[in-house]
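Contents: one structure, followed by commentary.
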Amino acid sequence: MFKKKIIFLLGPTAIGKSAIAVHLAKKINAQIISCDSMQVYRSMGIVTSQPSSTQRKRVKHHLLGVINASSEYNVARYRKDALVICNKLFRKGKVPLFVGGTGLYYSVIVDGIFPSVAEDKIIRARLSNQLRLKGNNYLHEKLSKVDPLSAKKIHPNDSRRVIRALEVYMKAGAPISALQKSRVGLDNEYEVKVFALNAKRQALYDKINQRVSKMFNSGLINEVRRLLKHKLSKTAFCAIGVRELEGYFNGEYSLDEAKRLIRRNSRRYAKRQLTWFRKDKRIKWINIKDKQRPGEIAKRIWKKLY
RNA sequence: GCCGAGAUAGCUCAGUGGUAGAGCGCGGCCCUGAAAAGGCCGGCGUGGGGGGUCCGAUUCCCUCUCUCGGCA
């Protein structure tokens, strides 16, 4: 039977995904579903480098700026929201084109997520209290007793994951390492094509630096100042640019220092994104050379589709 | 031209007669309900060139080159 296509366009920050995606979408009758943990937030268009309004007029984009910046959002919600849209697009005869740089969000769509053990604020508060009082190793040893497999995988200092694993065990009565095995991906039902953009490291870093300057020219400072008037969700607060500028607003360092930090943290982020994508053998890599235009690159991808 | 200081990691610099560290930078990796987050690992180096002393020199001596101060 003929399988329906789902296409992913991934890549590190600032590589130029958005522009290429628009060209590609036009060619293949697709609509774009954002695969980005930060661009879902509203009023954060500049810090999160959301696609421009012209780009969004040319091709319909989904899951951009749809969540209030003070609300929590997470992988599970993303998966649910994205799949609803995906099915809607199929009904309309459109191809879903996922575009973004959040590796976990990508993986949760393609490979699935283990079933429903939601965050439990009370358990978490209790565990992080124990963490504070008794230290990293105490919690980690506790995990070793109920879920040795996960304990072996998670470093004691990675307390966020230690807490999550304990939380799951306490709520589900089963170790997270066992639950994680039951994932259902899309591969069986759909034809999944995954592309990722990359460039020479130095060229990528140049692009990042340019993007940061552009963000400042487009009014980054005002956007973040406005944002910080409200209490941001812990996720939205983590967007690169927010904390860095907050330090400047508080007089902890100069504006130049804030810019330096934003550039540096973006570089490190890009590096981590690449680590994530590199290990995924389904990805077909598209290397961008200096003067290639988005349209040409979209064409290169298009040729590999059929 | 003279006097002084220096030349060690990508950068800023420590230190030692037994072939070297620190911060920043950078590289690699992990990742399932905060993921632009969080965590782990890694010194990446012909110690400016040449000669000498010494068992042994990055360290001591001489010389050359360069850089930075000051005086002309």
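Letters A, B, ... mirror the listed sequences (proteins, then strands); counts begin at 1. Values reported hereafter were calculated over all heavy atoms of this structure, with side chains retained and with hydrogens, waters and symmetry mates removed.
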Output the distance between atom CE (Met215(A)) and atom CD1 (Ile262(A)), rounded to the nearest 0.5 Å.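 Going from CE on Met215(A) over to CD1 on Ile262(A), the span is 6.0 Å.
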Distance from Ile15(A) atom CD1 to Leu274(A) atom CG, nearest 0.5 Å? 8.0 Å
Does U46(B) have a Watson-Crick or wobble partner in any strand here, with both distances under 3.5 angstrom, and which is it?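 In the structure as shown, U46(B) has no Watson-Crick or wobble partner.
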If G38(B) has a Watson-Crick or G-U wobble mate with both distances under 3.5 Å, name it; if not, just say none.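 Pair assignment: G38(B) / C30(B).
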Classify the ring geometry of Tyr41(A) against Tyr73(A): parallel below 30°, tilted from 30° to 60°, perpendicular beyond 60°. perpendicular
Check whether the ring centres of Tyr106(A) and Phe8(A) lie less than 6.0 Å apart, and answer yes or no.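 Yes, ring centres under 6.0 Å apart.
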Please report the distance, rounded to the nearest Å, between CD in Glu119(A) and P in G33(B). 10 Å
Between atom CZ in Arg268(A) and atom C1' in G38(B), what is the gap in whole Å?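 After rounding, the reported distance stands at 14 Å.
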Same-atom distance (P) from G23(B) to G43(B), integer angstrom: 12 Å
Sticking with atom C1', work out how far U16(B) lies from C11(B), rounded to a whole angstrom.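 About 23 Å, rounded to a whole number of Å.
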Arg278(A) vs G28(B): side-chain N/O to OP1/OP2 distance below 4.0 Å: yes
Below 4.0 angstrom from OP1 or OP2 of A37(B), is there any side-chain N or O of Arg160(A)?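 No, outside the criterion.
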Give a yes or no on whether a donor-acceptor pair under 3.5 Å exists between the nucleobase atoms of G39(B), that is its base, and the side chain of Arg161(A). no
